[in-house]
*Asks:* 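Structure below; questions to follow.
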Amino acid sequence: MPPMLHAVLAGLALAVAVAMPALAEGLKDEIAPTGKLRVAIAISPAGGAFWSTRTEAGFAGVPVDLGKEMAAQLGVPVEYVVHQNSGQITDAAGKGTWDVTWLPKDPERETRMLFGPIYEVADATYIVRPGSSITNFATLDQPGIKVAAVNATATMRGAVAHLRNATVTGYQTYDEIFGLLKSGEIDAFALSRDQLNKMAQKIPGTRVLDETFKKTVTAVAVPLGHNQALTFVSKFMNEAVTNGTLRKAYDNNGLKDSPIRTE
């Protein structure tokens, strides 16, 4: 090999060797600027593919497991930033308080954060209070009917668009709405079917309606402008689907019978 060509190739190899760690550090500076991966989660007893729950040891949930695995790949500790609902996570997107999250995606949120691959598709419907005569959407959408939803969520926006006559009111927490439904102070609650089915088991006499008013999709997300982070989390989620990481997170959190639904 000519000395000049050898020198050029050696220089290129050195440049690549130097650049690769620099890229890795650049990613960490963007996705974990505090030295920790701050994962935004929302807490409720519902569980599921989006909600997380409190445990004696800390937190449990699909986003909890995924965040822990993502932090391990980055080589940084994980920190969970707790919110009451997905609307609060959205409101904090531009405040620099979290680095990555998993939450329902809709057009409004796409203006406030960057979304990666969808990992869950859920059917949104309503559960009606014990003793209610409501059996379908037609009998639900009547003047004087009180429908609750978790405030500033994709499901609430869908319920507002769906119901023309019933009144939709947003509340901050799942627990608050649970209590109102159990006591009969509201007529119905809009949420994903899997979570409402769990609620129905805890409140005898309630009924989950058969119809679906909206498909809710859940995806990984990062704050606006974090394009390098988006590339990393998108790759992470695509691999999580194929290598079993997502399936394991589902199974660990009471979703063994739930299929992984992606788009």
Side-chain angles (χ1 to χ4, degrees), residues 42-53 62 83-90 103-110 118-219 254-255 257-263:
I43 298 295
S44 93
F50 159 64
W51 293 98
S52 297
T53 59
V62 172
H83 301 78
Q84 292 182 316
N85 56 57
S86 59
Q88 289 187 354
I89 294 175
T90 303
L103 81 172
K105 169 184 175 182
D106 70 2
E108 180 173 324
R109 287 185 179 156
E110 287 184 282
I118 292 166
Y119 69 96
E120 191 235 9
V121 183
D123 299 330
T125 187
Y126 307 93
I127 188 173
V128 298
R129 62 174 174 79
S132 174
S133 60
I134 295 169
T135 58
N136 53 34
F137 287 176
T139 53
L140 172 71
D141 193 15
Q142 299 296 325
I145 297 295
K146 301 175 183 178
V147 179
V150 180
N151 194 50
T153 60
T155 302
M156 179 175 174
R157 286 188 283 273
V160 169
H162 174 241
L163 299 174
R164 297 180 179 274
N165 300 301
T167 301
V168 180
T169 302
Y171 296 87
Q172 284 298 319
T173 69
Y174 175 104
D175 286 345
E176 182 181 9
I177 299 172
F178 183 98
L180 293 172
L181 186 73
K182 187 175 183 179
S183 66
E185 295 178 64
I186 57 173
D187 296 294
F189 178 20
L191 200 64
S192 65
R193 185 178 302 281
D194 59 340
Q195 293 164 12
L196 294 181
N197 285 337
K198 292 180 181 179
M199 179 180 280
Q201 295 173 2
K202 298 178 180 179
I203 309 178
T206 54
R207 179 191 301 115
V208 179
L209 301 185
D210 293 333
E211 299 157 286
T212 296
F213 72 85
K214 177 182 175 64
K215 295 285 186 183
T216 300
V217 298
T218 306
L255 299 173
D257 297 328
S258 299
I260 293 172
R261 300 169 65 185
T262 61
E263 287 189 352

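Values in this document were obtained by computation on a predicted structure and should not be read as measured data.
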*Asks:* Do S192 and D194 have a side chain donor and acceptor closer than 3.5 Å?
*Replies:*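 Side chains of S192 and D194: pair found under 3.5 Å.
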*Asks:* Indicate yes or no: at least one non-hydrogen side-chain atom of K202 is less than 4.5 angstrom from one of P45.
*Replies:*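 Of all side-chain heavy-atom pairs linking P45 with K202, at least one is under 4.5 Å.
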*Asks:* Any idea which heavy atoms bring G48 and V62 closest together, and the distance?
*Replies:*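 For G48 versus V62, the nearest heavy atoms are O-CG2, 3.8 Å.
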*Asks:* Once rounded to the nearest 0.5 Å, what's the spacing between atom NZ of K214 and atom CZ of R157?
*Replies:*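 With rounding to 0.5 Å, NZ (K214) is 8.0 Å from CZ (R157).
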*Asks:* Are S44 and T173 side-chain neighbours, meaning at least one heavy-atom pair lies under 4.5 Å?
*Replies:*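 No, too far: nothing below the 4.5 Å cut-off.
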*Asks:* Got a second to check how far L140's CG is from I145's CD1, nearest 0.5 Å?
*Replies:*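 Interatomic distance, L140 CG to I145 CD1, rounded to 0.5 Å: 6.5 Å.
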*Asks:* Just how far is it from atom CZ of F50 to atom OG1 of T153, taken to the nearest 0.5 Å?
*Replies:*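 Rounded to the nearest 0.5 Å, the CZ-OG1 separation comes to 8.5 Å.
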*Asks:* Below 6.0 angstrom between ring centroids: does that apply to F189 and F178?
*Replies:*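 No - the distance between ring centres of F189 and F178 does not fall below the 6.0 Å cut-off.
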*Asks:* So, taking the atom named CG in L209 and the one named CD1 in I134, what distance separates them when rounded to the nearest 0.5 Å?
*Replies:*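 Here the rounded value is 7.5 Å.
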*Asks:* Is it the case that atom CG in D257 sees more than 12 heavy atoms from other parts of the structure closer than 6.0 Å?
*Replies:*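 Result for CG/D257: open.
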*Asks:* Nearest 0.5 Å please: distance from the CG atom of L181 over to the CD1 atom of I203.
*Replies:*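 Answer for the CG-CD1 pair, L181 versus I203, is 4.5 Å.
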*Asks:* Backbone N or O of F137 within a donor-acceptor pair of the E211 side chain at under 3.5 Å?
*Replies:*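 Present.
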*Asks:* Okay, side chain of T216, backbone of A124: is any donor-acceptor separation there less than 3.5 Å?
*Replies:*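 No.
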*Asks:* Look at the side chain of Y126 and the backbone N and O of F213, then say whether any donor-acceptor pair between them is shorter than 3.5 Å.
*Replies:*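 Judged by distance alone, no pair lies under 3.5 Å.
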*Asks:* Flag the pair K146 and D187 as a salt bridge only when some basic side-chain nitrogen lies within less than 4.0 angstrom of an acidic carboxylate oxygen.
*Replies:*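 Not counted as a salt bridge, because no side-chain N and carboxylate O are separated by less than 4.0 Å.
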*Asks:* Do S86 and R109 have side chains that get closer than 4.5 Å, going by heavy atoms?
*Replies:*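 Yes, at least one pair of side-chain atoms sits under 4.5 Å.
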*Asks:* Working to the nearest 0.5 Å, report the span between CZ of R129 and NZ of K182.
*Replies:*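 One finds 16.0 Å between CZ of R129 and NZ of K182.
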*Asks:* Step through the shown structure and confirm whether more than 12 heavy atoms of other residues, nucleotides or ligands are within 6.0 Å of NZ on K198.
*Replies:*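 Yes, NZ of K198 has more than 12 neighbouring heavy atoms, counting only those of other groups under 6.0 Å.
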*Asks:* Stepwise, does the side chain to side chain contact (heavy atoms under 4.5 Å, CB included) test hold for L191 with I127?
*Replies:* CA-CA 8 Å; L191 200 64; I127 188 173; over 6 Å; no
*Asks:* For the pair T90 and L103, evaluate side chain to side chain contact (heavy atoms under 4.5 Å, CB included) and give the outcome as yes or no after the intermediate values.
*Replies:* CA-CA 9 Å; T90 303; L103 81 172; 3.8 Å; yes
*Asks:* Consider only side-chain N and O atoms of R193 and T212, and report whether a donor and an acceptor are under 3.5 Å apart.
*Replies:*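 Per modelled atom types, R193 and T212 side chains form a pair under 3.5 Å.
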*Asks:* For D141 and N165, indicate whether the former's side chain and the latter's backbone hold a donor-acceptor pair under 3.5 Å.
*Replies:*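 Confirmed, D141 side chain pairs with N165 backbone.
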*Asks:* How about V121 and V217: do any of their side-chain heavy atoms sit closer than 4.5 Å?
*Replies:*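 When only atoms from C-beta onward are counted, V217 and V121 do touch, with a gap below 4.5 Å.
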*Asks:* I want to check something: taking the side chain as every heavy atom from C-beta on, are D123 and K215 in contact at a cut-off of under 4.5 Å?
*Replies:*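 Answer yes - side chains close enough.
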*Asks:* For residues R261 and A122, report the shortest heavy-atom separation together with the two atoms involved.
*Replies:*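 Looking at all heavy atoms of both residues, the shortest contact is NH1-CA, 4.3 Å.
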*Asks:* So I43 and H83, side chain to side chain contact (heavy atoms under 4.5 Å, CB included) or not? Walk me through it.
*Replies:* CA-CA 6 Å; I43 298 295; H83 301 78; over 6 Å; no
